[in-house]
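Numbering of ligands and ligand atoms starts at 1, following listing order. Residues: numbered from 1 along the sequence shown.
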Amino acid sequence: MSLLTGKKIVVMGVANKRSIAWGCAKALTDQGAEVIYTYQNERMAKQLEKLIGSEAFKVECDVASDESIKECFTKIGDYAGEIHGVVHAVAYANKEDLSGSVVDISRAGYALAQDISAYSLIAVTRYAKDYLAQNSGIVTLSYLGSQRAVPNYNMMGIAKAALEAAVRYLAADLSPQGIRVNGISAGAIKTLAVTGVKDYQKLIQLSEERTPDHVGVTIEEVGNTCAFLISPAASGIIGEVIFVDKGVHLS
Ligand SMILES: NC(=O)c1ccc[n+]([C@@H]2O[C@H](COP(=O)([O-])OP(=O)(O)OC[C@H]3O[C@@H](n4cnc5c(N)ncnc54)[C@H](O)[C@@H]3O)[C@@H](O)[C@H]2O)c1
């Protein structure tokens, strides 16, 4: 018996085959779930189609817009009726705010990164909650830079700290309704998003060197934890951010 047989899970944030969201989608599928995909824009839709084909159900969702998120979940509700989980694997900051000095971050750059990378979890949860079944799960993606001053991670570290706080508050709000909100703090993985960070190679190198076998965590390993956290098997885990980084956070 698989963990998610017969469940319908929304996955937000597949840009290509390297995306953490793609690792999550594969693990959810392996556990028997039907995955419903959302994509940022038409360009991302084309990338997504290369992975899932043109027939699979997918919906546009730009998390910068409440209207887009609302419309997206209305379409998902019409299609699926009930859903059993949402994977929020979405973030953005201007490139200039992922290098140099934090004191130079502009008000506009700060607002943009917080909006897309942290507030979006709150907005997505608001529009998803009416369709989420009992004992369903929402999982978001964070990084160690929320707790430590990781060189160049700068603005995204500040946004991830807010995101992790949002996980706890949303979890407290929604657990009485049977919706569990949790996060995964993943090790550095070479994806499109991470290449926005200056000297990102050093970030990845660090995340490889500190693992026991010097091999960095994979999107499949992150995906397996995501599938577990979404599933009813994780019914006792509420408002937690779990490290899936092969121990990098220990040193
Ligand atoms: N790669 C890493 O090292 C790492 C480590 C820890 C956490 N994370 C987090 O994992 C998540 C997924 O990132 P990834 O590394 O797989 O990179 P990715 O580039 O594959 O995915 C980022 C996704 O965010 C989406 N996105 C950006 N702005 C959006 C918007 N306005 N509306 C809708 N979608 C939008 C993009 O379309 C893309 O699909 C992010 O939250 C990231 O911060 C990444």
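The hydrophobic clustering, which links ILVMFWY residues whose side-chain heavy atoms are closer than 4.5 Å, places V194 and L144 together. Hydrophobic clustering (ILVMFWY, side-chain heavy atoms < 4.5 Å, transitive): Y110 and L121 are in distinct clusters. Hydrophobic clustering (side-chain heavy atoms under 4.5 Å, transitive across Ile, Leu, Val, Met, Phe, Trp, Tyr) keeps Y119 apart from Y143. Linking ILVMFWY residues whenever their side-chain heavy atoms come closer than 4.5 Å, directly or via other members, leaves L141 and V248 in distinct clusters. In the hydrophobic cluster analysis, where Ile, Leu, Val, Met, Phe, Trp and Tyr join through side-chain heavy atoms closer than 4.5 angstrom, V63 is grouped apart from Y37.
If you look at I20 next to ligand 1, the close heavy atoms, those under 4.0 Å, come from the backbone and the side chain alike. At a 4.0 Å heavy-atom cut-off, ligand 1 does not touch S117 at all. With a 4.0 Å cut-off on non-hydrogen atoms, V14 touches ligand 1 through its backbone and not its side chain.
In terms of protein heavy atoms, atom 39 (O) of ligand 1 is closest to G13 O, 2.9 Å. The single protein non-hydrogen atom nearest to atom 40 (C) of ligand 1 is A91 CB, 3.7 Å, given as residue, atom name and distance. Atom 15 (O) of ligand 1 has as its closest protein heavy atom T191 OG1, 2.6 Å. When only non-hydrogen protein atoms are considered, atom 26 (N) of ligand 1 lies nearest to Q40 OE1, 3.4 Å. Atom 5 (C) of ligand 1 has as its closest protein heavy atom G187 O, 3.5 Å. Given atom 33 (C) of ligand 1, the protein heavy atom at minimum distance is C61 O, 3.3 Å. Scanning all protein heavy atoms for the shortest distance to atom 9 (C) of ligand 1 gives L141 CB, 3.7 Å. Nearest protein heavy-atom contact of atom 3 (O) of ligand 1 is I189 N, 2.7 Å.
At a 4.0 Å cut-off, not a single heavy atom of S120 sits close enough to ligand 1 to count as contact.
The A186 neighbourhood of ligand 1 comprises atoms 5 (C), 6 (C), with distances under 4.0 Å to a heavy atom of that residue. For ligand 1, the atoms closer than 4.0 angstrom to any heavy atom of V90 are 24 (O), 26 (N), 29 (C), 34 (N), 35 (C), 41 (O). For ligand 1, the atoms closer than 4.0 angstrom to any heavy atom of A15 are 20 (O), 38 (C), 39 (O). Interface of V194 with ligand 1, defined as ligand atoms under 4.0 Å from a residue heavy atom, comprises 1 (N), 3 (O). Ligand-side atoms of ligand 1 in range of A188: 3 (O), range being under 4.0 angstrom from any heavy atom.
With values rounded to the nearest 0.5 angstrom, I20 atom CD1 is found 12.5 Å from R18 atom CZ. Here the straight-line distance linking atom OG1 of T29 with atom CD of E34 works out to 9.5 Å at 0.5 Å rounding.
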Next item on the list: Show your working on side-chain hydrogen bond (donor to acceptor under 3.5 Å, both in side chains) between H88 and S120 and close with a plain yes or no.
Entry: CA-CA 9 Å; H88 172 273; S120 66; 2.8 Å; yes

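For a threshold of 3.5 Å applied to N or O pairs, the pair formed by Y153 and ligand 1 contains no separation below that value. Not one N or O of M44 is nearer than 3.5 Å to an N or O of ligand 1, by distance alone. Among the atoms of S142, none of the N or O lies under 3.5 angstrom from an N or O of ligand 1. Checked against a 3.5 angstrom limit, the closest N/O atoms of S19 and ligand 1 fall inside it. Residue contacts with ligand 1: V63 is placed with a nitrogen or oxygen under 3.5 Å of a nitrogen or oxygen of the ligand (distance criterion only). By the 3.5 Å distance cut-off applied to N or O atoms, A21 is not counted among the residues near ligand 1. Any N or O atom pair closer than 3.5 Å counts here, and D62 shares at least one such pair with ligand 1. An N or O contact shorter than 3.5 Å is missing between Y92 and ligand 1 by distance.
We find that E220 and K26 are joined by a salt bridge, their nearest charged nitrogen and carboxylate oxygen being less than 4.0 Å apart. Residues E60 and K75 are not paired through a salt bridge, judged by the lack of any N-O separation under 4.0 Å between the basic side chain and the carboxylate.
Using a distance-only test at 3.5 Å, with no hydrogens or angles considered, no donor-acceptor pair links the side chain of N94 to the main chain of G109. S19 contributes no side-chain N or O that, together with a main-chain N or O of A21, makes up a donor-acceptor pair within less than 3.5 Å. Without hydrogens or angle criteria, N182 side chain to E240 main chain gives a donor-acceptor distance under 3.5 Å.
In this structure, of G183, A89, G145, A193, the residue bringing a heavy atom nearest to atom 23 (C) of ligand 1 is A89. Relative to atom 42 (C) of ligand 1, the option among M156, Q47, K160 with the closest non-hydrogen atom is K160.
Checked by atom type, the side-chain pair Q205/E209 shows a donor-acceptor distance below 3.5 Å.
Screening Q147, K160, E164 against S142 for a side chain to side chain donor-acceptor pair (under 3.5 Å) leaves a single residue, E164.
When ring centroids are compared, Y131 and F73 stay outside the 6.0 Å threshold.
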